[in-house]
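Below is one structure, written out as structure tokens, with a few remarks after it.
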Amino acid sequence: QVQLVESGGGLVQAGGSLKLTCEAAGLTFSSSAMGWFRQAPGKEREFVATISSGGGRTAYADSVKGRFTISRNNAWSTTYLQMNSLKPEDTAVYFCAAARRLLVSRLKDEYDYWGQGTQVTVSS
């Protein structure tokens, strides 16, 4: 059974930083592209960042480019999202997702497994 568990969310002031962690179990992590998505109240889930299975390729939403960094440690089956210069509009539930593919993807329909999410709240 595949499990993705996010942690690291919380309340932070605008301009602050948070680092999200996603621990994976039950899948061949080193063969799985990983992604982070977010969903604000009343809005659809949207793409944030993705990383290829080997970690060599990444892609970001325009809204977070230059502020967020996705990374992974295949030895620990863990993916990270470092979030800097946070803005109130970054407030959302952040979800980790795993895809049974090697390459990056911005499309949520291409992800096979999802975590339960972690709340990030940025106050102004």
Side-chain angles (χ1 to χ4, degrees):
Q1 182 179 357
V2 175
Q3 286 190 317
L4 301 176
V5 180
E6 303 98 335
S7 61
L11 173 64
V12 64
Q13 288 190 330
S17 298
L18 283 174
K19 186 174 185 177
L20 305 184
T21 298
C22 173
E23 296 180 77
L27 76 165
T28 306
F29 187 78
S30 60
S31 298
S32 302
M34 299 297 295
W36 287 95
F37 291 76
R38 67 186 182 187
Q39 188 166 16
K43 295 188 176 182
E44 290 195 1
R45 193 170 299 189
E46 65 174 5
F47 166 74
V48 175
T50 178
I51 187 167
S52 60
S53 59
R57 298 294 295 271
T58 59
Y60 298 90
D62 288 344
S63 59
V64 308
K65 199 173 296 182
R67 299 188 298 122
F68 291 11
T69 302
I70 188 171
S71 61
R72 65 189 295 159
N73 185 320
N74 283 356
W76 293 349
S77 298
T78 303
T79 303
Y80 307 95
L81 185 68
Q82 177 67 47
M83 306 186 295
N84 299 329
S85 303
L86 283 160
K87 305 175 181 180
E89 51 264 43
D90 294 319
T91 295
V93 177
Y94 283 71
F95 296 90
C96 172
R100 289 178 294 186
R101 53 182 284 143
L102 303 181
L103 302 178
V104 298
S105 174
R106 298 170 180 262
L107 304 176
K108 56 181 180 289
D109 290 346
E110 293 190 346
Y111 288 83
D112 302 288
Y113 308 105
W114 294 83
Q116 293 299 307
T118 185
Q119 177 70 48
V120 171
T121 303
V122 184
S123 63
S124 57

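Residue numbers start at 1 and run along the sequence shown. Nothing here was measured: the structure is a model prediction, and the numbers come from that model. Side chains included, hydrogens not; waters and symmetry mates left out as well; all remaining heavy atoms used.
- Note on Arg67 versus Asp90: salt bridge recorded, some NZ/NE/NH1/NH2 to OD/OE distance being below 4.0 Å.
- For Arg45, the salt bridge (charged side-chain N to carboxylate O under 4.0 Å, His left out) test picks out no residue, with sequence neighbours left out.
- Residue Ala33 comes nearest to Leu103 through the heavy atom pair CB-O, 3.2 Å, listed as atom of the first residue, atom of the second, then distance.
- No path of Ile, Leu, Val, Met, Phe, Trp and Tyr side chains, each step under 4.5 Å between heavy atoms, connects Tyr80 with Leu86, placing them in separate hydrophobic clusters.
- Atom CG in Leu20 sits 8.0 Å away from atom OG in Ser7 (nearest 0.5 Å).
- Between Val122 and Val120 the shortest side-chain heavy-atom distance falls below 4.5 Å.
- Hydrophobic clustering (ILVMFWY, side-chain heavy atoms < 4.5 Å, transitive): Met83 and Val12 are in one cluster.
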Under the side-chain contact (heavy atoms from CB on, under 4.5 Å) rule, what do Arg100 and Tyr113 come out as? Steps first, then yes or no, please.
CA-CA 9 Å; Arg100 289 178 294 186; Tyr113 308 105; 3.8 Å; yes
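- For the pair Arg101 and Asp112, the minimum side-chain heavy-atom distance is 4.5 Å or more.
- Qualifying ring-ring contact (aromatic ring centres under 6.0 Å, His included) partners for Phe37, counting only residues two or more places apart in sequence or in other chains: Phe47, Tyr111, Trp114.
- One distance of note links OG of Ser123 with CD of Gln13; it measures 5.0 Å at 0.5 Å rounding.
- Residues forming a side-chain hydrogen bond (donor to acceptor under 3.5 Å, both in side chains) with Gln119 (at least two apart in sequence, or on another chain): Thr121.
- Considering only residues two or more places apart in sequence or on other chains, Asp109 meets the salt bridge (charged side-chain N to carboxylate O under 4.0 Å, His left out) condition with none of them.
- Residues forming a side-chain hydrogen bond (donor to acceptor under 3.5 Å, both in side chains) with Ser53 (at least two apart in sequence, or on another chain): none.
- Thr50 places a side-chain N or O within 3.5 Å of a backbone atom of Met34 that can act as its donor or acceptor partner.
- Residues Ser105 and Glu110 have side chains that bring a donor and an acceptor to within less than 3.5 angstrom of each other.
- Annotation: the span from Ser124 atom OG to Glu89 atom CD amounts to 10.0 Å, rounded to 0.5 Å.
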Take Val48 and Leu81 through the test side-chain contact (heavy atoms from CB on, under 4.5 Å) and record every step on the way to the result.
CA-CA 10 Å; Val48 175; Leu81 185 68; 4.2 Å; yes
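- Counting only residues at least two apart or in different chains, side chain to side chain donor-acceptor pair (under 3.5 Å) contacts with residues 16-37 comprise Ser17-Asn84.
- Taking CG of Leu4 as the reference point, atom CZ of Phe29 lies at 8.5 Å (rounded to 0.5 Å).
- Under the 4.5 Å side-chain heavy-atom criterion for ILVMFWY residues, no single connected hydrophobic cluster contains both Tyr60 and Val104.
- The distance from the OG1 atom of Thr118 to the OH atom of Tyr94 is 10.5 Å, given to the nearest 0.5 Å.
- Side chains of Arg38 and Ser63 form a contact here, defined as non-hydrogen atoms less than 4.5 Å apart.
- Side chain of Glu6 to backbone of Gln116: a donor-acceptor contact under 3.5 angstrom is found.
- Here CZ of Arg106 is found 12.0 Å from CD of Glu46. Values are rounded to the nearest 0.5 Å.
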